[in-house]
Amino acid sequence: MLGTLRLAFQPGDRAYGVRVLHALDARRAGAAGLTALLLSLGALVSPALLDFFSPAEIALAWLEHFAELAVLAAGLLLVYTLLDEALPVAMPMRLALLCVLLFASATGFALLLYAYYAHGFGHLPPPLRLLSDALHWGLPAVFLVVIADLHRRSLRADSATHGANLARVQQGQGDAEQRLALLQAQIEPHFLFNMLGNVRRLYRTRPQEGAEAIDSLMRYLRTAMPQVRNATGSLGDELELVRAFLELYRIRMGARLAFEIDADASLLALAFPPMLAMTLVENAIRHGVEPAGGGLVRVTARRTREALQVEVADDGVGFGGAASSGTGVGLVNVRRQLAARHGGRARLTLSASRPRGATACIELPLETG
């Protein structure tokens, strides 16, 4: 500790001097001045003063007493600031040491004040009187030091709690982003695997149409797949993907596949997670339209007061109408992405269509301001 103090008071330590000057702010000076003022007013509470002194004499004596206390307060404030900036924050018993040194300084200032009025140290008051005055001046200073230390510890604890909460929120955001990346990475190969399998089967049965399908797939990948890796997108981007996907799939199915896309132009700029609507369209074809030998896929986007609804409906075989060869990755990942992005505010609902078929609807909360 002494080594630390020696280093702190080295003449060349400019950083220490800057810290001391910065700490001597108006708040500390105001606290010291207010304490001196309150102590000086204690001398005016005696009702017998006006019996022996005139108001002018009382005011003059009070100003002199206040000046003495102000000088003492300034000295104790300087001592406290020097010690506060010199002692390490994590030092054991730091507060106790500060209080002891500050009380010792108050005793020293009292001794100097008596010596000033006595013109030397030869006529000092008894030790008990000196100790009483030191207590009278030092205890308020010690009390203020304790209050300041408790306030500082409270701020430090609040800052640590805020930092921990912020780190926890950032960690949660990082985890959510990682989960979204993983889910999206699962959807992409799922889609590509299914599409390449369709192209391969078409190439084996109808080579000419298979070759055309490969050319269409290459064009589709060049134009559409750069959007797939985006963490965010718009409804317009998603519907472009859906249209390109359906046109590509229609090469394989021909006239047996029909589709409609209905969305108002005012909705196209709204935020929409990539690949989700296209996953529902693929699911409608593979498990609804294809087993039925053909059909219609209708994609509709509408806006309610608080939500954006994107609906994919087909008139295929409906739920349970065809044996499934899939693993259910598509719909599971759609639900997981919605939960990761929006929590309970977004949902995917499945329902039967009439007279036949199935409908899947994604409902997203509208982003405000």
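Along the sequence shown, residues carry numbers from 1.
Scanning for side chain to side chain donor-acceptor pair (under 3.5 Å) contacts around Thr205 gives an empty result, with sequence neighbours left out. Every residue two or more places apart in sequence or in another chain that forms a side chain to side chain donor-acceptor pair (under 3.5 Å) with Ser353 is listed here: Thr359. In this view, Asp315 and Leu296 satisfy the side-chain contact (heavy atoms from CB on, under 4.5 Å) rule, not counting sequence neighbours. Residues that satisfy the salt bridge (Lys or Arg N to Asp or Glu O under 4.0 Å) test with Arg256, not counting sequence neighbours, are absent from this structure. By the side-chain contact (heavy atoms from CB on, under 4.5 Å) test, Ala67 pairs with no residue at all, sequence neighbours left out. Ala358 is linked by a side-chain contact (heavy atoms from CB on, under 4.5 Å) to Asp314, Phe319, counting only residues two or more places apart in sequence or in another chain. Partners of Leu63 under the side-chain contact (heavy atoms from CB on, under 4.5 Å) rule, at least two apart in sequence or in another chain, do not exist in this structure.
Residues Leu338 and Arg335 are not in side-chain contact: their nearest non-hydrogen atoms beyond the backbone lie 4.5 Å or more apart. Here the side chains of Val281 and Phe259 are not in contact, with every heavy-atom distance at 4.5 Å or above. Looking at heavy atoms from C-beta onward, Asn333 lies out of side-chain contact with Thr279 at the 4.5 angstrom threshold. Taking the side chain as every heavy atom from C-beta outward, Leu280 and Leu331 approach each other to under 4.5 Å.
The line from CD of Glu240 to CE of Met278 is 12.5 Å long, rounded to the nearest 0.5 Å. Separation of atoms CZ (Arg250) and CD (Glu247) is listed at 6.5 Å; rounding is to 0.5 Å. In this structure, CG in Leu364 is found 9.5 Å from CD in Gln309, a value given to the nearest 0.5 Å. Within the model, atoms CG of Leu246 and CD1 of Ile261 stand 6.0 Å from one another, a figure rounded to the nearest 0.5 Å. Distance check, rounded to the nearest 0.5 Å: CZ of Phe272 to CG of Leu308 gives 6.5 Å. If you take CG on Leu267 and OG on Ser234, they are separated by 11.5 Å, rounding to the nearest 0.5 Å.
Here the shortest heavy-atom pairing between Ala346 and Pro365 reads CB-CD, 4.0 Å. Between Val310 and Ala277, the shortest heavy-atom distance links the atoms CG1-CB, 4.3 Å. Here the closest heavy-atom approach between residue Pro273 and residue Glu238 is recorded as O-OE1, 3.9 Å. Ala360 and Leu350 make their closest contact through CB-CD2, 3.5 Å (heavy atoms, listed as atom of the first residue, atom of the second, distance). Residues Ala301 and Leu235 approach most closely at CB-CD2, 3.8 Å, considering heavy atoms. Across every non-hydrogen atom of Met253 and Gly294, the tightest pair is CE-CA, 4.1 Å.
For Arg356, the CZ atom counts as densely surrounded, since its 6.0 Å shell holds more than 12 non-hydrogen atoms of other residues, nucleotides or ligands.
Applying the salt bridge (Lys or Arg N to Asp or Glu O under 4.0 Å) rule to pairs touching residues 291-310 yields Glu260-Arg298, Arg302-Glu311, sequence neighbours excluded.
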